[in-house]
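Lettering follows sequence order; numbering is per chain, from 1.
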Protein chains: 2
Amino acid sequence: MLRSRPRKPVRKQPRRYHHGDLPRAMLQEAVQTIQTHGTEALTLRGVGERLGVSRTALYRHFADKQALLAAVATEGFRSLRVALFEAWDTGGRGREGFDAMGIAYVRFAVAHPAHYRVMFGGVVRPADGSQEAGDLGTDAFQVLVDAIVEQQQRGLVRGDDPRQLALYIWSVVHGVAMLALDGMLPPPTQADALVKFANERLRTGIAP
Amino acid sequence: MLRSRPRKPVRKQPRRYHHGDLPRAMLQEAVQTIQTHGTEALTLRGVGERLGVSRTALYRHFADKQALLAAVATEGFRSLRVALFEAWDTGGRGREGFDAMGIAYVRFAVAHPAHYRVMFGGVVRPADGSQEAGDLGTDAFQVLVDAIVEQQQRGLVRGDDPRQLALYIWSVVHGVAMLALDGMLPPPTQADALVKFANERLRTGIAP
DNA sequence: ACCTGAACACCGTTCAAGT
DNA sequence: ACCTGAACACCGTTCAAGT
């Protein structure tokens, strides 16, 4: 709608080979389709059509639709990892940066809801090519673990196992993100408010 | 596999009308199919076939596949609400019961992963008949809010807005559940361990 | 009212064939 | 190697017609 790029490029010339990086083009198309029209609107035939390529050409680069979705998930984890580290780093690598990380996490999910669901929606099975996605998920997770360790060294966080602390905190932001995506937090700014509240509770606990 | 019930009932008689509660039968079939073979294996044609009913008969009771999935989600929220209240109530409606609630929540998700994903996977859009599902989600949520209020009255929980506290705690258990479903917590017992840890952190906070 | 078969449009995927 | 059209099996959904 907001894009001026035409959906179906009209070819007056006879169909020619797609010179260039077709796998990358497919991935971009898939990500964009999911972002603007939802995952259920993603069809291999549509991707090929919009790229001016035959339907079966895609199978040269991705084993099947699952593999393409796995690549989409991988791309998402890569972006998420970058966003998290940036928030942590520019936030001063302390209490403030950590809070910024939480906000950045939820904002990423809210800004790319369908993409986020592909990353965590169970579409990517542990069986098929999701190992890469899992590793990248671990990479994003590692940013969180590192941030915790650094805070522990500064005496900002208690000395529990940083991996378990990270799992706990990931659970919180992931949970907030999912609730936001499911519309459980009516006003859109409510998500930020909940993250802020969650950050406070994470620090001081709920005991009176 | 473990069931002895035949997949495709053989009818030697000419097809007869399905006397009985077809909507309920459909819902049960859908829930069972999702539980045992995954959501992607759920097809209206298959449901009809297994029920000994024509494909189009289903449309008399559910507008479309989305509506059937919405009913599945509703059923899930109902079960979850029961499981949560039971854990809270038999746990003594105190600190122990509250911890039991958290464990019960995650166990429900782990025991019915596909069903849980239908409830929270965004399949049920806010647009179509998901209002009932949303209301039931609110019902399950209310159990949590009530538990918090009761603990506040007993001086077990600080006097914050119980609704926001409930959202926060729901985020935690929901996040743990999703991570467990995505296989981020390798050993299966790891989920229980994380919930236990989360329950502790919820009480005392992560500040040193 | 409730159910039926036939038909439509649309998928993912495969395959023999082209350059 | 990379791409193509045709074909196959399988969906969700609609519709005129039966009881």
Side-chain angles (χ1 to χ4, degrees), chain A residues 7-27 29-30 33-34 37-72 114 118 121 123-125 127-129, chain B residues 7-27 29-30 33-34 37-72 114 118 123-125 127-130:
Chain A
R7 288 285 159 62
K8 295 185 180 185
V10 183
R11 274 185 317 282
K12 291 157 191 171
Q13 305 282 348
R15 193 173 285 241
R16 281 174 305 175
Y17 281 10
H18 182 278
H19 295 299
D21 197 343
L22 184 53
R24 176 166 293 278
M26 284 177 64
L27 180 54
E29 253 298 322
T33 300
I34 287 174
H37 296 94
T39 306
E40 79 286 353
L42 178 68
T43 129
L44 293 186
R45 295 163 106 101
V47 169
E49 203 167 306
R50 261 165 280 143
L51 256 40
V53 142
S54 167
R55 305 197 267 274
T56 57
L58 316 179
Y59 290 88
R60 283 286 135 190
H61 310 286
F62 294 92
D64 52 16
K65 193 177 181 180
Q66 286 285 329
L68 180 56
L69 281 172
V72 169
V118 173
V123 194
V124 183
R125 291 255 181 267
D128 39 62
Chain B
R7 289 283 159 64
K8 295 185 180 185
V10 183
R11 273 184 319 283
K12 292 157 191 172
Q13 303 281 349
R15 193 172 285 240
R16 283 173 304 177
Y17 281 10
H18 182 278
H19 296 299
D21 196 341
L22 184 54
R24 175 167 293 277
M26 284 177 64
L27 180 55
E29 252 298 322
T33 299
I34 287 173
H37 296 94
T39 306
E40 79 287 351
L42 179 69
T43 132
L44 293 187
R45 296 164 107 100
V47 170
E49 204 167 305
R50 261 164 280 144
L51 256 41
V53 141
S54 168
R55 307 196 266 272
T56 57
L58 316 178
Y59 289 88
R60 283 285 135 189
H61 307 103
F62 293 91
D64 52 16
K65 193 178 180 179
Q66 286 284 329
L68 180 56
L69 281 172
V72 169
V118 172
V123 195
V124 183
R125 292 256 180 266
D128 40 61
S130 70

* Asked: Where do L68(A) and L58(A) land on the side-chain contact (heavy atoms from CB on, under 4.5 Å) test, with the steps shown first?
  -> CA-CA 9 Å; L68(A) 180 56; L58(A) 316 179; over 6 Å; no
* Answer yes or no: does a side-chain N or O of H61(A) lie under 4.0 Å from OP1 or OP2 of dC3(D)? =>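 So the side-chain polar atoms of H61(A) do come within 4.0 Å of the phosphate oxygens OP1 or OP2 of dC3(D), strictly under.
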Minimum heavy-atom distance [X]-[Y], with the two atoms named:
X       : Y      : result
A57(A)  : H61(A) : O-CD2, 3.8 Å
A114(B) : G38(B) : CB-CA, 4.4 Å
A71(B)  : F62(B) : CB-CE2, 3.7 Å

* **Whole-Å gap separating C1' (dC3(D)) and CD (E49(A))** => 16 Å
* To do: Using whole Å, report how far CZ of R60(A) lies from C1' of dT19(C).
  =>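 Computing the R60(A):CZ to dT19(C):C1' distance gives 13 Å.
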* Structure fact -> Quick tally for nucleotides 7-14 of chain D: nucleotides whose base has a protein heavy atom under 4.0 Å get B, sugar-phosphate-only ones S, the rest -, giving ----BBBB
* Structure fact -> Annotated structure of DNA chain C as dot-bracket, pair cut-off 3.5 Å, Watson-Crick or G-U only, | for inter-strand, is ||.|||||...|||||.||
Once you round to the nearest 0.5 Å, how far does [atom1] of [X] lie from [atom2] of [Y]?
X      : Y      : atom1 : atom2 : result
M26(B) : T33(B) : CE    : OG1   : 11.0 Å
L69(A) : L27(A) : CG    : CG    : 10.5 Å
K65(B) : L42(B) : NZ    : CG    : 5.0 Å

* Asked: Listed by chain and number, what are the salt bridge (charged side-chain N to carboxylate O under 4.0 Å, His left out) partners of R24(A), not counting sequence neighbours?
  ->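 With sequence neighbours excluded, R24(A) shows a salt bridge (charged side-chain N to carboxylate O under 4.0 Å, His left out) to D21(A), given in chain and number order.
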